[in-house]
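Inspection log for the structure reproduced underneath, given as structure tokens.
Letters go in sequence order (proteins before strands), and every chain restarts at 1.
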There are 2 protein chains.
Amino acid sequence: MPYDPSAFPPFAVTVDLVVLTVRRHSLCALAVRRGEPPFQGRWALPGGFVRADEDLAQAAARELAEVTGLRVHDPFAPVQDNGAHLEQLATYGDPKRDPRMRVVSVAHLALAPDLPAPRAGSDAGDARWAPVEELLQQGGYGRDGEPVAPLAFDHTQILADGVERARSKIEYSSLATAFCPPEFTVGELRRVYEAVWSVALDPRNFHRKVTGTPGFLVPTGGTTTRQGGRPAQLFRAGGATLLNPPMLRPEV
Amino acid sequence: MPYDPSAFPPFAVTVDLVVLTVRRHSLCALAVRRGEPPFQGRWALPGGFVRADEDLAQAAARELAEVTGLRVHDPFAPVQDNGAHLEQLATYGDPKRDPRMRVVSVAHLALAPDLPAPRAGSDAGDARWAPVEELLQQGGYGRDGEPVAPLAFDHTQILADGVERARSKIEYSSLATAFCPPEFTVGELRRVYEAVWSVALDPRNFHRKVTGTPGFLVPTGGTTTRQGGRPAQLFRAGGATLLNPPMLRPEV
DNA sequence: GATCATAGTCGTCTGCCTGACGATAAGCAC
DNA sequence: GTGCTTATCGTCAGGCAGACGACTATGATC
């Protein structure tokens, strides 16, 4: 097949972001309100077009910075700089997913520590952190009794896939530390797991597991009483990225 | 940002396929020889443009059928029809990955039982199964002493990612059965694991593990002596897709 | 037909890890 | 000090995996 520009249809390529964090003991995702059609006024995941000279990861990092102000961790520098973890999630290309034209969206998953407040993006009228259960229940009623409209486009599916990725990935990787500030206690890390998995974990077994896994946690020497009760040791994330054996997610 | 067709650059979108199978005790991938520039004469992964009215998964299934004649398993019908397993792998969009124009490729991973011979695709001059180590070692020398040229484009990276996905996924899923014919023995399944992981497994512990995992294997009642030695029971894949606890991959 | 090689299948034992849970430590509020 | 909270250490039993012995049932070879 010789090179013939008319031989293939043109596509628009976007990146959409599933940005997750843990706030008030529940897993939350960043949603922006759409300012223009289609789906005007509905909530959606942040995202935008990939520019002509941009890599996909660059585009995702740029979008993330625009909406949250977060920078992305250098994956080869496991030092905590309050940046976020960013990875490609999946690509969505149903011909009808955008009524305007043929759009292929490369979704990315970002995990961030709890942030003060979402920064309203330049082109997004409004932005907020919302519990993922609230965003995923389509056509139901939110905690305040208001009817909940499903997310725009196929973003409910994208969000569900991102949440599932995060839930499974903290089992066998040290990624849960991406939800924590640079220094954190074992209890704080445990509450991350509990929020992401929506389960209760035994504090004693959890402590034994995470402190016994080489390279997972590095004590910084400090202690804190942020949570009340007996002061807890502070840790940073160690260099290990894969947990072997993994954390076990209790069944239901 | 109002809808403005000039606001985004046009992309070409392709699907590329990492098609894996196990032949002669080694993990092999399907490679096609490129008939035209760029990279004319070099080996590459099979792939092609996504059509205007096609979903990404449809495009991948069509490409797979064109090159191998394989149909794809209905994921909700775990019956063995000698079809292949197909899943999205990742998307590659470096601005310079194709010298002709901006191409975003949505790579897919296909796992297939051993096939008689690759069917030379309509637009691919030649096709072959090659051991993945041979395809992944760039610029070295193959088993026949011939110099080995690296795969075209970024296909070496895509293949490496696909192989890694397959290697990790057979740990915690029943996907290894996708490499087997509809009916197979425990020994044949073990040889799949050994080929994919490049390790030797204890036949007795392996047998205990796979037959003891509920829903993994279903005995068909028949036996076979395909491999010589004592006749072995035949099994089909059971309904279970997730293995809990997982198969453990020996280190190194 | 006896013997051997090959592959399959069943058991045993030991060590490690996990879940359940008791006990103690060290802060804060009153 | 009392009570409450959270952190941390220990103990114990059950389950599972690795190492490996033993036996079974074929085909190949003598």
Legend entry - B/S/- contact track for nucleotides 15-20 of chain D, protein heavy atom under 4.0 Å: --BBBB
Legend entry - Contact state string [nucleotides 24-30 of chain D, B base, S sugar-phosphate only, - no protein heavy atom under 4.0 Å]: BBB----
Legend entry - Any side-chain heavy-atom pair of T241(A) and S173(A) under 4.5 Å: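 They are not in side-chain contact.
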Inset, instruction - Look at H207(B) and dG8(C) and indicate whether a side-chain polar atom (N or O) is within less than 4.0 Å of OP1 or OP2. - result: no
Legend entry - Closest to the R190(A) side chain, choosing from dT8(D), dC10(C), dA7(D):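 Closest nucleotide to the R190(A) side chain: dA7(D).
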Inset, instruction - Compare every heavy atom of R165(B) with every heavy atom of L109(B), then report the nearest pair and how far apart it is. - result: CD2-CG, 3.6 Å
Inset, instruction - Locate the shortest heavy-atom distance separating T185(A) from L234(A); write the atom from each residue and the value. - result: CG2-CD2, 3.9 Å
Legend entry - Distance-only donor-acceptor check, side chains D16(A) and Y92(A), under 3.5 Å: no
Legend entry - Side chains of Q157(B) and H155(B), donor plus acceptor under 3.5 Å: no
Inset, instruction - Show the numbers, then the answer: is there a side-chain contact (heavy atoms from CB on, under 4.5 Å) between L189(B) and F216(B)? - result: CA-CA 11 Å; L189(B) 184 62; F216(B) 192 7; 4.1 Å; yes
Expressed as a whole number of angstroms, how long is the span from [X]:[atom1] to [N]:[atom2]?
X	N	atom1	atom2	result
F184(B)	dG8(C)	CZ	P	13 Å
E188(A)	dA7(D)	CD	C1'	12 Å
L201(A)	dT8(D)	CG	C1'	17 Å
L189(B)	dA7(C)	CG	C1'	16 Å
L217(A)	dT8(D)	CG	C1'	14 Å

Legend entry - Presence of salt bridge, R249(B) and E171(B), under 4.0 angstrom: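 Looking at E171(B) and R249(B), the cut-off is met.
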Inset, instruction - Taking only Lys NZ, Arg NE, NH1 and NH2, and the carboxylate oxygens of Asp or Glu, determine whether E134(A) and R128(A) approach each other closer than 4.0 Å. - result: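 Answer for the salt bridge query: yes.
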Inset, instruction - Identify the residue among V199(B), V22(B), I170(B) that makes a side-chain contact (heavy atoms from CB on, under 4.5 Å) with Y193(B). - result: I170(B)
Inset, instruction - Between F235(B) and M247(A), name the one whose nearest nucleotide on DNA chain C is closer to the 5' end. - result: F235(B)
Inset, instruction - Look at all strands and tell whether R226(A) reaches a base, only sugar-phosphate, or nothing, counting heavy atoms closer than 4.0 Å. - result: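 If one applies the 4.0 Å heavy-atom cut-off, R226(A) turns out to touch nothing in the nucleic acid.
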